[in-house]
Amino acid sequence: MINKTIKNAEEAVKDIGSHSVLMLGGFGLCGIPENCIAALLERPLKGLTCISNNAGVDDFGIGLMLKEKMVKKMISSYVGENKEFERQLLSGELEVELIPQGTLAERIRAGGAGIPAFFTPAGVGTEVGEGKEIREFDGKLYLLERWLRADFSLVKAWKGDTAGNLIYKGTARNFNPMMAAAGRITIAEVEELVPAGELDPNAIHTPGIYVKYIFQGSNYEKRIEQRTIRKT
Amino acid sequence: MINKTIKNAEEAVKDIGSHSVLMLGGFGLCGIPENCIAALLERPLKGLTCISNNAGVDDFGIGLMLKEKMVKKMISSYVGENKEFERQLLSGELEVELIPQGTLAERIRAGGAGIPAFFTPAGVGTEVGEGKEIREFDGKLYLLERWLRADFSLVKAWKGDTAGNLIYKGTARNFNPMMAAAGRITIAEVEELVPAGELDPNAIHTPGIYVKYIFQGSNYEKRIEQRTIRKT
Amino acid sequence: MLSKEKIAQRIAKEIKNGQYINLGIGIPTLVANYIPDELEVVLQSENGLLGIGSFPTEDQVDADLINAGKQTISMVKGSALFDSAESFGMIRGGHVHLTILGAMEVSENGDISNWKIPGKMVKGMGGAMDLVSAARQIIVAMQHCSNEGKSKLLKECRLPITGVKCVRKIVTDLAVLEILPEGGFKLIERAPGVSASTIQEKTEGKLIIPSEVPEMEFE
Amino acid sequence: MLSKEKIAQRIAKEIKNGQYINLGIGIPTLVANYIPDELEVVLQSENGLLGIGSFPTEDQVDADLINAGKQTISMVKGSALFDSAESFGMIRGGHVHLTILGAMEVSENGDISNWKIPGKMVKGMGGAMDLVSAARQIIVAMQHCSNEGKSKLLKECRLPITGVKCVRKIVTDLAVLEILPEGGFKLIERAPGVSASTIQEKTEGKLIIPSEVPEMEFE
């Protein structure tokens, strides 16, 4: 089995250049590639396009990359919770493309699966549909949407093996599997890296074929945005 | 949690009428809904449209339904291994639509996922492309393909719970998950049915939302088409 | 006038046994607290979970298990986890029966605005456009008027819309209203102590008032 | 003239370290037996497996684990199982590096026919159209001539085609050939003892014969 192991996040991101298109997994701060983001912050990068459902918060996740002014453009579905983001957007420093969350997920899935375009009902009659082809199927209107692909996809999984197979945990799966497939070069960071053969082939969420490099991350903070507790 | 359990295959297929459109999971004879097929054979059905990657063999699987002349039309990707099928086709008794396997899988997935149409490169310049819209994206030609949906989807899983969640085994997964999502009414037969809560939510292949009825099947034959053995 | 909790409580009465339901952020999230125990329903979270449970106890908190509002949650028995493409396939494919979500404006033909205030707020639409384009039934939970007292039930939406002709039912702090296929808000129920004429005053869009409009009832 | 095993053995030399490979039914399946041990490659089966292993022993046979030819198989360490939509997403998305498949005819511009003989055979295309439309590299394994001695390397395919301008390399019982971007079969290697003129005789399409054409070498 092909061994995809590399040492750490620093090695993982060393070939990422300015003006690259990146996909970063996660929903809010859940399932984000913390180690890769930290390593990117150490590099003198500019003009990145980041495709990610959210843009982190002011002091964590992609928010830190925004602070360093590495990001030229964000492609996201929801970008609340972030003041620096709002400032850069309103001042015109940052380009933003907002996409319905399901369309974002499906465009990324299409990128990995070799589907250059598809029709979806989301956004018909709204700003999102402006300039896009509209077509009727069985009496309902749909928009034509294109695939999304990236130069590098940075994904985070719970467990992984040296062959690049990944298993996510809970709702930290979210955008990670589709992004793993849609990156020309996909880098996976995992909480636990095991030898090929130790994961149940039937329980794998991302087959290793999509993953170019894998490493075991460290010091996961896993910050919680809304810590809601029930008392008993 | 919603309980979707029914007693057996007989109860499962009792509402299926003549001229229905059915999807049947499986690749070859691997992962086919054996119990449901057996129960269908006991009913006086006619004019069915069956969407299934293959058409079984002469004396097993969908082949048995062909013998009973229940099937008006097959939508499949590969139909070798079946003499009665070939006879009915050449005599004009049976309509057949052959679809590239990946296009078949994606059209079914699209049906379940609310994507009415998508572009794929498979079949461009061939008979499959005749009469279909062709469009160029990034210098490559693609065909526009429509979704497929069914009145009833009959799927077979390894384990299932009363909430309809399914886990498949080995390569018996194949078309079953997409079909489960693309049926207006999806019936799942499983080798082992457990109470809701006993399956790991992280290991589920088909979420229960897609399944209307579930039952524990019996007497699985699991016939092997090509028994290839290594000696040692 | 109803509190947010009362709006949620009233909406809960719309829920039917066996439904799969997506609850939006805000008042819709509160609806979960009022679903009668005898109903078997499943709550979907568009970030990848079927079977949302209650908030976790202190020692159950798991950063890897949140709802679409980024709140920590738990799972009920029989839950399933999946990725975002599968989740929105579920939504787009019409497998979710009921979507309950908030709105900034609703128009008399069922258009809804809830994602953007030009020049002021740029949070994004999240999953709302997908949900309203595909759910079989959409109920909106909202305040009848803005903080400035202006009606949010309009002839036409002024803010950029989230979806066209998709809202069927609205529960506000003043009333329950249905949107008629030919357009117009039909008054179905009044909040306790609120008169039809008050509701008329606070509704900019076309309001249809039947001869009898009962008050909402709460257990 | 090469046996099927020798054709497979020659094709195995085209395989590079680190490749993900889809092997078709027939001669291509045999290629697996000749992949050098020092190469780390992964075999994909389009019915939902990455990491095909050897045939199982009698007591390992599992009806739920078959390859695309419906043969019982085993899995290597590090395998992954998935559904057919994911499998063809992988193929269509260009993640599979190399596809090796059989053909009934190949034309000098790289068209391939392998799924239908009108009026005679109606088996269907299976996954072949998806594979040839998307794989980065396609190698065809075939007999140079039909049982009746007619060339199967043609100016234009006569049978319904499976894909347009997609074949890059062909290994037959007589020769290794490359299809040139501008069209034409370029003779790369001859089977041991087979002369270029014999190959010319048996090739209907345009054959380009370089001044030196080495014989195939086998270990």
Side-chain angles (χ1 to χ4, degrees), chain B residues 27-31 53-55 76-81 85-86 89-90 96 98-106 108-110 120-128 140-142 158 168-178 205-206 220-232, chain D residues 25 29 45-49 53-75 81-92 111 113 115-116 118-134 160-166:
Chain B
F27 179 95
L29 301 177
C30 182
N53 188 59
N54 310 84
S76 303
S77 91
Y78 189 82
V79 292
E81 275 93 72
F85 180 95
E86 209 157 356
L89 173 60
L90 295 172
V96 176
L98 291 170
I99 297 178
Q101 195 173 146
T103 300
L104 180 63
E106 191 66 13
I108 297 167
R109 192 239 169 217
T120 175
V124 169
T126 75
E127 276 183 27
V128 165
K140 183 168 171 165
L141 296 176
Y142 295 86
W158 179 39
Y168 308 93
K169 178 165 157 271
T171 55
R173 195 180 324 177
N174 54 65
F175 283 82
N176 284 296
M178 294 87 76
H205 297 135
T206 290
Y220 283 102
E221 184 175 337
K222 295 197 186 180
R223 200 183 290 187
I224 291 172
E225 286 184 72
Q226 305 283 338
R227 192 183 185 85
T228 42
I229 305 281
R230 167 173 52 101
K231 280 166 202 152
T232 21
Chain D
I25 300 170
T29 304
S45 195
E46 66 259 32
N47 56 321
L49 170 64
S54 55
F55 292 139
T57 55
E58 186 74 43
D59 58 333
Q60 286 172 335
V61 167
D62 180 353
D64 291 325
L65 199 62
I66 62 170
N67 65 16
K70 281 102 177 178
Q71 297 172 310
T72 48
I73 48 159
S74 68
M75 293 188 280
L81 294 155
F82 35 86
D83 65 40
S84 301
E86 181 79 42
S87 184
F88 281 92
M90 228 170 252
I91 289 166
R92 226 188 291 104
D111 294 356
S113 299
W115 74 283
K116 190 180 186 183
K120 263 196 179 172
M121 188 205 78
V122 280
K123 287 191 189 301
M125 65 291 279
M129 286 194 182
D130 309 275
L131 282 158
V132 302
S133 74
I161 64 173
T162 309
V164 176
K165 290 190 190 176
C166 53

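Note on naming: letters A, B, ... go to the chains in the order of the sequence lines (proteins, then strands), and numbering restarts at 1 for each one.
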Which atoms form the tightest heavy-atom contact between B/Ile229 and D/Phe55, and what is the distance? C-CB, 3.9 Å
Does the side chain of [X] reach to within under 4.5 Å of the side chain of [Y], using non-hydrogen atoms?
X: B/Thr103; Y: D/Asp130; value: yes
X: B/Leu98; Y: D/Trp115; value: yes
X: B/Glu225; Y: D/Ile66; value: no
X: B/Val128; Y: D/Met125; value: yes
X: D/Leu81; Y: B/Thr171; value: yes
X: D/Arg92; Y: B/Pro121; value: yes

For chain B, the option from D/Leu65, D/Asn47, D/Val164 that forms the most heavy-atom pairs under 4.5 Å: D/Asn47
Give the member of D/Ser45, D/Ala128, D/Gly48, D/Ala63 that has the highest number of heavy-atom pairs under 4.5 Å with chain B. D/Ala63
Quick one: [atom1] on [X] to [atom2] on [Y], what's the gap to the nearest 0.5 Å?
X: B/Gln101; Y: D/Met129; atom1: CD; atom2: CE; result: 12.5 Å
X: D/Glu86; Y: B/Met178; atom1: CD; atom2: CE; result: 10.0 Å
X: D/Asp64; Y: B/Tyr220; atom1: CG; atom2: OH; result: 11.0 Å
X: B/Arg173; Y: D/Ser87; atom1: CZ; atom2: OG; result: 11.0 Å

Hits for side-chain contact (heavy atoms from CB on, under 4.5 Å) against D/Ser113, two or more places apart or cross-chain, chain-then-number order -> D/Glu105, D/Cys157, D/Leu159, D/Ile161
I need the residue from [options] with the largest number of non-hydrogen atom pairs under 4.5 Å to chain D.
options: B/Glu127, B/Gln226, B/His205, B/Glu86; result: B/Gln226
options: B/Lys140, B/Lys231, B/Arg227, B/Arg223; result: B/Arg227
options: B/Pro177, B/Ala172, B/Gly80, B/Ser77; result: B/Ser77
options: B/Gly170, B/Ala55, B/Gly31, B/Gly102; result: B/Gly102

Sequence neighbours left out, what passes side chain to side chain donor-acceptor pair (under 3.5 Å) with B/Arg109? Give chain and number order. A/Glu106
Which is it for D/Asp62 and B/Lys169 under the side chain to side chain contact (heavy atoms under 4.5 Å, CB included) test, yes or no, and what are the steps along the way? CA-CA 10 Å; D/Asp62 180 353; B/Lys169 178 165 157 271; 3.2 Å; yes
Contact origin within [X] toward chain B - heavy atom pairs under 4.5 Å:
X: D/Lys165; answer: neither
X: D/Ser74; answer: neither
X: D/Asn67; answer: backbone

Engaged part of [X] at the chain D interface, taking heavy atoms whose separation is under 4.5 Å:
X: B/Val79; value: both
X: B/Lys222; value: both
X: B/Asn53; value: neither
X: B/Ile99; value: backbone

Polar side-chain atom of D/Thr72 near backbone of B/Thr228 as donor-acceptor pair, under 3.5 Å: yes
